Structures are given as structure tokens and as C-alpha cells.
Amino acid sequence: MNIILLGPPGAGKGTQAKILEDRRGMKQLSTGDMLRAAIAEGSDLGKRAKAVMDRGELVSDDVVVGIIAQRLDQPDVARGFILDGFPRNTAQAEALDKMLRKKDLQLDRVIEIKVEDEALIDRIAGRYSCASCGAAYHDQFASPRKPGICDNCSATQFVRRPDDNPAVVRDRLKVYNSQTAPLIDYYGKTGALRTVNGMADIGEVTRQIETKLNGA
Ligand code: AMP
């Protein structure tokens, strides 16, 4: 099954994508993660993307469409993929349609994770992750069991994304509302769109998504 998770930054797309990967063997394709990996490698692409990402703006369509086109040719997406953070505007959605037709792939569902704007700033501004294994934590909602020690790998170094500070988060939300939210209509017209309540707890959101993927 091939799906898109659609929703503002902080809606829980990455969290839900990881759960679906474990449960269903689908592959999470996060353009944000791929761009951050390019920055960490110090590649030319990473260098060009970093300044744009630090401002909370969108990297150029050509770059992200190219990354996804290459990624969809890898054998590990054969059991299905979860697009997380792509497409982000109508031009990317149109490029995706074209790409899927060419590769003879279909899009089965677009799951919108709906969250109120006010909740997003707190959710994003408090998040951090283990520098070693990437396990996700939150200042208010999900601290490690032993303070300062990763539950998953016992590392003691943690990192925060530079674009997770409140000023940049506000700009990312503006970009979402102006450029990405129109995709709700775009996919509404195709019949693929389903909406879940992203204000519920993580397990309940997963249950709602599973119901939508199983046919509802
Ligand atoms: P994310 O991890 O999805 O929140 O993405 C972090 C940042 O990466 C975004 O604010 C953009 O600067 C960039 N980015 C990720 N995905 C895309 C995309 N599909 N199109 C353009 N820029 C993107």
C-alpha cells in the first residue's frame, strides 16, 4: 500500500510513519530526513538546502522531486511507501502524479492528520532527539525514563533541530497553511483523502489511521 501522510509540522507524521513501518513493513520516505542527511554528509545539495531549511522555507521543487523519484526506484519500497513531508505544494503533487504513472505505481490513500495550530508551537518547540540513535523525546510529553540518558541506546547526547525554534516554527506554519494545505482539496477531489484527529494520543491516532487504511 502506498500512502501520503499530510499535515502541518508537529502533527505527528514522522511518529505515525515509524509505527506504520514497524507494523506493515511499508517504508517511510521523509524528504526532511533525506535533506538533513545531505546536510550531515556535507554534500553540495545539503549545503544549498541548509540555509533555506533554517529559515523554514521550502527547498526547490526540482530538488525534492528528484530525490523522491530516485528513492522510489529502490527495491525496499516494494511493500509500500509512506510519503512524509512530500508533496508540499501543488506543483510537487502534480509531479508526483506524473512520476507514479510513469513508474506504474498507485497512490492508495492520503491521510490528513488534523491538529489545531495553537497546539503545534508547544509540540514542536519542546522536541529533541538522541544524537546517537535518533529516538524522539519531548520536554513536556516524553522525557527519557532516566533523565539525560536515552531509553533506547543509553547515549547521553541529545540534539534539537535548528528549525524547531518558535520563530521559525511560526514561519513553517505559514508556509504550510499557504502552500501545503491546498493539497487537502487536491486529494479530496481524487477520493483518496481520509482525515484523522491528530489531537488524540499517539495510539488512538494510529488506530484511526489503521481503520482508514483497512477500507473505511
Ligand atoms: P520536515 O522534516 O518535513 O519538517 O522538513 C524540514 C524542512 O525541510 C522544511 O521546512 C523544508 O525546508 C524542507 N523540506 C522537507 N520536505 C520538503 C518538500 N517536500 N519540499 C520542499 N522543502 C522540503
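For clarity, every value in this text was computed on a predicted model and none was experimentally measured. We use all heavy atoms of the structure for the numbers below, so side chains are in, but hydrogens, waters and symmetry mates are not.
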R127 versus R161: any side-chain heavy-atom pair under 4.5 Å? yes
To the nearest 0.5 Å, what is the distance between CD1 (I111) and CG (L83)? 12.5 Å
Taking a hydrophobic cluster as the set of Ile, Leu, Val, Met, Phe, Trp and Tyr residues connected by side-chain heavy atoms closer than 4.5 Å, whether directly or through intermediates, do I67 and V52 fall within one such cluster? yes
Could you pull out all residues at least two apart from Q179 that satisfy side chain to side chain donor-acceptor pair (under 3.5 Å)? none
For S132 and Q157, does a side-chain donor sit closer than 3.5 Å to a side-chain acceptor? no
Any idea which heavy atoms bring A131 and V159 closest together, and the distance? CB-CG1, 4.0 Å
Pair R71-M34, side-chain contact (heavy atoms from CB on, under 4.5 Å): steps then yes or no: CA-CA 10 Å; R71 194 62 190 80; M34 294 175 207; 3.8 Å; yes
Which pair of non-hydrogen atoms, one from A17 and one from L5, has the smallest distance, and what is that distance? N-CD1, 3.8 Å
So F81 and L105, do their side chains get closer than 4.5 Å, heavy atoms only? yes
Here the pair of heavy atoms bringing T195 nearest to E112 is OG1-OE1, 2.8 Å
To the nearest 0.5 Å, what is the distance between NZ on K13 and CD1 on I113? 7.0 Å
Shared ILVMFWY cluster between L29 and Y187, side chains joined below 4.5 angstrom? yes
Check D108 against A192 and note the closest heavy-atom contact, atom names and distance. O-CB, 4.3 Å
Greater than 12 external heavy atoms within 6.0 Å of I202's CD1: no
Hey, is D44 close enough to R48 for a salt bridge, meaning N to O under 4.0 Å? no
Step-by-step side-chain contact (heavy atoms from CB on, under 4.5 Å) determination, T15 to V205: CA-CA 10 Å; T15 303; V205 177; over 6 Å; no
Please say whether more than 12 non-hydrogen atoms of neighbouring residues, nucleotides or ligands are located less than 6.0 Å from NZ in K103. yes
Answer yes or no: is there a donor N or O on one side and an acceptor on the other, between the side chain of R160 and the main chain of Y128, under 3.5 Å? no
Smallest heavy-atom separation, A91 atom then D61 atom, equals CB-OD2, 3.5 Å
So if you build clusters from Ile, Leu, Val, Met, Phe, Trp, Tyr with side-chain heavy-atom gaps below 4.5 Å, do V169 and F141 land together? no
Using a strict cut-off of less than 4.0 Å between a Lys/Arg side-chain nitrogen and an Asp/Glu carboxylate oxygen, indicate whether K174 and D117 qualify as a salt bridge. no
side-chain contact (heavy atoms from CB on, under 4.5 Å) evaluation trace for R172 with I124: CA-CA 11 Å; R172 287 164 64 200; I124 302 177; 4.1 Å; yes
Does some side-chain heavy atom of S30 sit less than 4.5 Å from a side-chain heavy atom of F86? no
Rounded to the nearest 0.5 Å, what's the gap from CG on N165 to CZ on R170? Could you check? 9.0 Å
Look at atom CZ of R79 and say whether more than 12 heavy atoms of other residues, nucleotides or ligands are closer to it than 6.0 Å. no
Of L72, V64, V65, which is the lone residue that meets side chain to side chain contact (heavy atoms under 4.5 Å, CB included) with I68? L72
Measuring only between side-chain heavy atoms, which start at C-beta, is I209 closer than 4.5 Å to I19? no
Mind checking what makes side chain to side chain donor-acceptor pair (under 3.5 Å) contact with K18, not counting sequence neighbours? Q28
In the structure I gave you, are the side-chain heavy atoms of P87 and I4 within less than 4.5 Å of one another anywhere? yes
Any chance the side chains of Y186 and D97 put a donor and an acceptor closer than 3.5 Å? yes
Checking D201 against E204 for the side-chain contact (heavy atoms from CB on, under 4.5 Å) test, could you report, in this order, the C-alpha distance in whole Å, the side-chain angles of both residues, the deciding distance, and whether it holds? CA-CA 5 Å; D201 67 46; E204 171 56 21; 3.5 Å; yes
Do V175 and V59 share a hydrophobic cluster, counting only Ile, Leu, Val, Met, Phe, Trp and Tyr and linking them when any side-chain heavy atoms are less than 4.5 Å apart? no
Hydrophobic clusters here meaning ILVMFWY residues chained together by side-chain heavy-atom distances under 4.5 Å, can you tell me if I121 and M199 are in one? yes
What distance separates N197 CG from E116 CD, expressed to the nearest 0.5 Å? 8.5 Å
How about Q140: does its CD atom have over 12 heavy atoms from other parts shown lying under 6.0 Å from it? yes
Are D163 and K50 close enough, and set up right, to give a salt bridge (Lys or Arg N to Asp or Glu O under 4.0 Å), and what steps lead you there? CA-CA 10 Å; D163 59 347; K50 183 170 171 28; over 6 Å; no
Please round to the nearest 0.5 Å and tell me the distance separating atom NZ of K212 and atom CZ of R109. 9.5 Å
Contact check, side chains of I149 and P144, non-hydrogen atoms, under 4.5 Å: no
Rounded to the nearest 0.5 Å, what's the gap from CG on L96 to CG on L100? Could you check? 4.0 Å
Do you know the tightest heavy-atom contact between H138 and D122? NE2-O, 3.2 Å
Could you tell me whether R207 and E210 have a side-chain N and a carboxylate O separated by less than 4.0 Å? no
Answer whether the closest heavy-atom distance between the side chains of L20 and I3 falls below 4.5 Å. yes
Mind checking whether S129 and Y137 have side chains closer than 4.5 Å, heavy atoms only? no
